[in-house]
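As structure tokens, the structure follows; a few thoughts come after it.
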Amino acid sequence: MSLFEPTIPFGEPELMRVSAFQRYLHEPGGPRAREVLVNTNRQPGLSQSLLADLSRFEHMGQASEALEVLAACVRHSQQVVIHLQMGESVVPLTVFALERLVHCPISLDALLQQRPTELRVLHVEPAILRPPGDAELSLVGEEQHYHSLRPVLWELALRGARNTLLPEIAGPVAYRVAPGIDLGALRVGGALLASIQRLQGERVTLREMIDWPGLDAERAARLLNALYLQSGLIVSRTRPAGFTESWFGGLGR
């Protein structure tokens, strides 16, 4: 029996130590031993489009950030398990992009309210767990471990390691919040709420947002990333003929 089961369909698994997980990755027959791609932290079985997308975020051997990996999984509608280092433990976070759900063996408060800037992506692989209601009942986890993906994306965008715009919304563009955006169950208040309300009525650039009360370059970029990952941001890219508008998942080129 291997040292580690990436997903355990029954009950709440004990969190594995980082050192043991690293041994599992490199043991004979483990994910790293089976990899066919060089200098990646993901095993074969993920779609080529997702692999290509994730590879953009690896710089000089550094690991991908949690927000970047989650954003890529959502864009490509992938069902994956992301192994996150939290202190000395490894948390398997299973992402169901189509269902907009995550499965996490610990509470989201424990995962996100500590120091999300310190969450490191150790490994990404195809998910074994299935979402609630799946026909493969033996692969569906306990109900209490499933949560909405929305607050995970929101909190990591606002408080995670990435403090610049995601590449999909960067460049010579203007932004506006989509009408009727649902911010329920998300922590929104103060300058962020005022900025969102202002974005509902104006189309502005990042440079203009930096001068808004309570914002600077980093906070503005984090807010735009958060809104984008809630499918609530309309991005207008400048062209010689004017502006074109598009939604998350189909941004103008």
Side-chain angles (χ1 to χ4, degrees), residues 53 56-57 65-77 95 97 99-102 108-109 111-119 147-253:
D53 204 359
R56 297 180 306 156
F57 296 118
E65 297 169 358
L67 183 70
E68 297 167 344
V69 174
L70 280 166
C73 293
V74 171
R75 278 195 301 276
H76 294 278
S77 300
V95 180
E99 294 81 4
R100 303 291 284 189
L101 292 173
V102 294
L108 292 187
D109 285 347
L111 180 69
L112 296 173
Q113 288 188 358
Q114 301 300 313
R115 294 178 179 174
T117 55
E118 297 179 1
L119 290 176
H147 310 277
S148 171
L149 175 61
R150 295 176 63 240
V152 178
L153 294 171
W154 185 260
E155 292 296 327
L156 283 177
L158 293 179
R159 302 191 298 118
R162 187 175 185 91
N163 58 12
T164 58
L165 288 173
L166 289 163
E168 287 70 32
I169 59 173
V173 298
Y175 309 97
R176 183 160 59 89
V177 167
I181 182 175
D182 180 12
L183 299 177
L186 303 179
R187 296 198 306 170
V188 186
L192 291 183
L193 180 58
S195 297
I196 293 170
Q197 293 171 338
R198 189 168 176 178
L199 279 166
Q200 290 177 317
E202 301 179 40
R203 183 170 59 186
V204 299
T205 65
L206 176 63
R207 184 179 298 274
E208 292 170 325
M209 289 180 63
I210 291 173
D211 294 328
W212 290 2
L215 295 188
D216 54 21
E218 177 179 328
R219 293 197 77 193
R222 287 181 177 277
L223 176 59
L224 291 171
N225 286 342
L227 292 169
Y228 167 69
L229 292 172
Q230 299 298 317
S231 303
L233 191 67
I234 299 174
V235 180
S236 303
R237 297 197 178 277
T238 304
R239 289 183 175 180
F243 287 107
T244 60
E245 291 188 348
S246 55
W247 297 81
F248 171 64
L251 296 177
R253 299 178 185 275

Using a 3.5 Å distance criterion without hydrogens, assess whether the side chain of [X] forms a donor-acceptor pair with backbone atoms of [Y].
X	Y	result
Arg187	Glu155	no
Arg176	Ser236	no
Tyr175	Ile169	yes
Asn163	Arg222	no
Arg150	Asp182	yes

Going by heavy atoms in the side chains, are [X] and [Y] under 4.5 Å from each other?
X	Y	value
Arg162	Thr164	yes
Glu99	Leu149	no
Arg219	Leu192	yes
Leu183	Trp154	yes
Leu112	Arg159	yes
Leu156	Asn225	no
Leu227	Leu199	yes

Which atoms form the tightest heavy-atom contact between [X] and [Y], and what is the distance?
X	Y	result
Ala191	Pro213	CB-O, 3.7 Å
Leu166	Ala71	CD1-CB, 4.2 Å
Ala226	Leu158	CB-CD2, 4.1 Å
Ser77	Ala97	CA-CB, 3.7 Å
Gly160	Thr117	O-CG2, 3.5 Å
Val177	Gln200	CG1-CG, 3.6 Å

Roughly how far, to the nearest 0.5 Å, is CG of Leu70 from CZ of Arg75?
10.5 Å

In Å and rounded to the nearest 0.5 Å, what is the CZ to CD distance from Arg100 to Gln230?
6.5 Å

Among Val102, Leu67, Leu229, which one satisfies side chain to side chain contact (heavy atoms under 4.5 Å, CB included) with Val152?
Val102

